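First comes the structure, then the notes that go with it.
Every value quoted in this text rests on a predicted model; they were computed, and no experiment measured them. Every chain is numbered from 1 and lettered A, B, ... according to where its sequence line falls, protein lines coming before strand lines.
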Amino acid sequence: MRILLPQPPLFSFSECRWFLDRGYDECLHRFEGDTIVKTVRIDGAPLVFAMRSQGKHLVIEILHGAPGAKTREQLRSWISGWLDLGRNLQPFYAQLKAHPRLAWMAKDFRGLRLIGIPDLYESLCWSIIGQQINLAFAYKLKRRFVENYGESIRVNGTRHLIFPLPERVMRARVEDLQQLQFSRQKIEYLINVSRLIHEGRLSKARLEALPTAEEKHQFLTGIKGIGTWTANYTLMKTLNDTSAIPHGDAGLLNALLKHKLIKDKKDKAGIEKTFRHFKGWEAYLTFYLWRSLAVK
DNA sequence: ATCCAGGGGTCAC
DNA sequence: GTGACCCATGGA
């Protein structure tokens, strides 16, 4: 009962693996050789799948979860969004190759896709958890969050963690989360977002229904704990908006400095000038710039 | 020891 | 609308 997904042009599983396997303590997926094993929720139900690249396809196997036709189709669609498989990267590569300082990335990172976080709740929680702290610590906090409030599923003797449901986090005790080294603000934001999602006042569908990026941005920043960085990060990672820029992002600024595209971190003109060459592909440029921090 | 982390809210001016 | 301050802790 395998699912086959054709690999689009300008897609490289090994390039995408860079992001998925960067050495951080990721608790929602892991690699076993060339195979990634990941947990997701499909219609709220936990599912564990394995995926590897084979020839011209991605081969997916469901290890846990109802393998019905509907689930398979939903998983296929989920993975397509996660790896941004439906995107034609040709225009982005044309712009990238024309850039005097960054053209090399088109060759060196060829086939790297914007790896997303299709689940809005997971995306917002991760943004809140990761705010202001270094990534190693952020992954530690995420693991504690998932281990304490999520579910765990055993497949062939291995334990797999499933991201928590908002209803559970909504009822979490502040003291318990403080024990896990969450700051009072992060706890407040997490519980509040959990409530909004659980009550249906905030959902991916509701967000997608808003006609413009500005309205989506406004809707998100109206929520406590979600500022301009998180709003744009969400548009980029969850709604696959290739025009979104996570303004103020530390990694983005460091990469722009590294490639001498800005003179300091307040150089708004330099930032604007750089992104002007990548209209419609700002999120991809950002993702490639993050990638560039890991080389040389 | 000091500064920065894949920020955001609050408050003073 | 801008800037100082706080949150909390880890890592370099």
In this structure, how many angstroms lie between the [atom2] atom of [N] and the [atom1] atom of [X], rounded?
| X | N | atom1 | atom2 | value |
| --- | --- | --- | --- | --- |
| A:W229 | B:dA5 | CH2 | C1' | 11 Å |
| A:K186 | C:dT9 | NZ | C1' | 10 Å |
| A:I129 | B:dA5 | CD1 | C1' | 15 Å |
| A:N134 | B:dC4 | CG | P | 14 Å |
| A:I133 | C:dG11 | CD1 | C1' | 12 Å |
| A:W290 | B:dA5 | CH2 | C1' | 14 Å |
| A:L293 | B:dC4 | CG | P | 16 Å |
| A:L252 | B:dG7 | CG | P | 11 Å |

Is the backbone of [Y] close enough, under 3.5 Å, to the side chain of [X] for a donor and an acceptor to pair up by distance?
| X | Y | answer |
| --- | --- | --- |
| A:H277 | A:Q95 | no |
| A:R87 | A:N240 | yes |
| A:T71 | A:A66 | yes |
| A:N148 | A:R144 | yes |

#### Entry: Any side-chain donor near an acceptor of the partner, A:S53 and A:Q7, under 3.5 Å
yes
### Task
Check the side chains of A:R173 and A:Q178 for a donor-acceptor pair under 3.5 angstrom, ignoring hydrogens and angles.
no
### Message
Please evaluate residues A:D84 and A:Y284 with respect to the criterion side chain to side chain contact (heavy atoms under 4.5 Å, CB included), reporting the C-alpha separation (whole Å), side-chain torsions for both, the decisive distance (0.1 Å), and the verdict.
### Response
CA-CA 11 Å; A:D84 203 31; A:Y284 259 92; 2.6 Å; yes
### Task
Please state whether the rings of A:F287 and A:W18 are parallel, tilted or perpendicular, taking 30° and 60° as the class boundaries.
perpendicular
### Message
B:dA5, OP1 or OP2 - any side-chain N/O from A:K140 closer than 4.0 Å?
### Response
no
### Task
For B:dA5, take OP1 and OP2 only and decide whether either is under 4.0 Å from a side-chain N or O of A:N254.
yes
### Query
Taking the side chain of A:S183 as heavy atoms from C-beta outward, which of C:dC7, B:dG7, C:dG10 is closest to it?
C:dC7
### Query
Would A:Y149 and A:F163 satisfy ring-ring contact (aromatic ring centres under 6.0 Å, His included), going step by step from the backbone distance to the final call?
CA-CA 8 Å; A:Y149 298 94; A:F163 200 78; over 10 Å; no
### Query
What residues in residues 256-289 of chain A put a non-hydrogen atom under 4.0 Å from any atom of DNA chain B?
A:K265
Short heteroatom pairs, N/O only, protein and nucleotides 9-13 of chain B, under 3.5 Å:
unit_1 : atom_1 : unit_2 : atom_2 : d
B:dG9  : OP1    : A:G225 : N      : 2.9
B:dT10 : OP1    : A:K224 : NZ     : 2.7

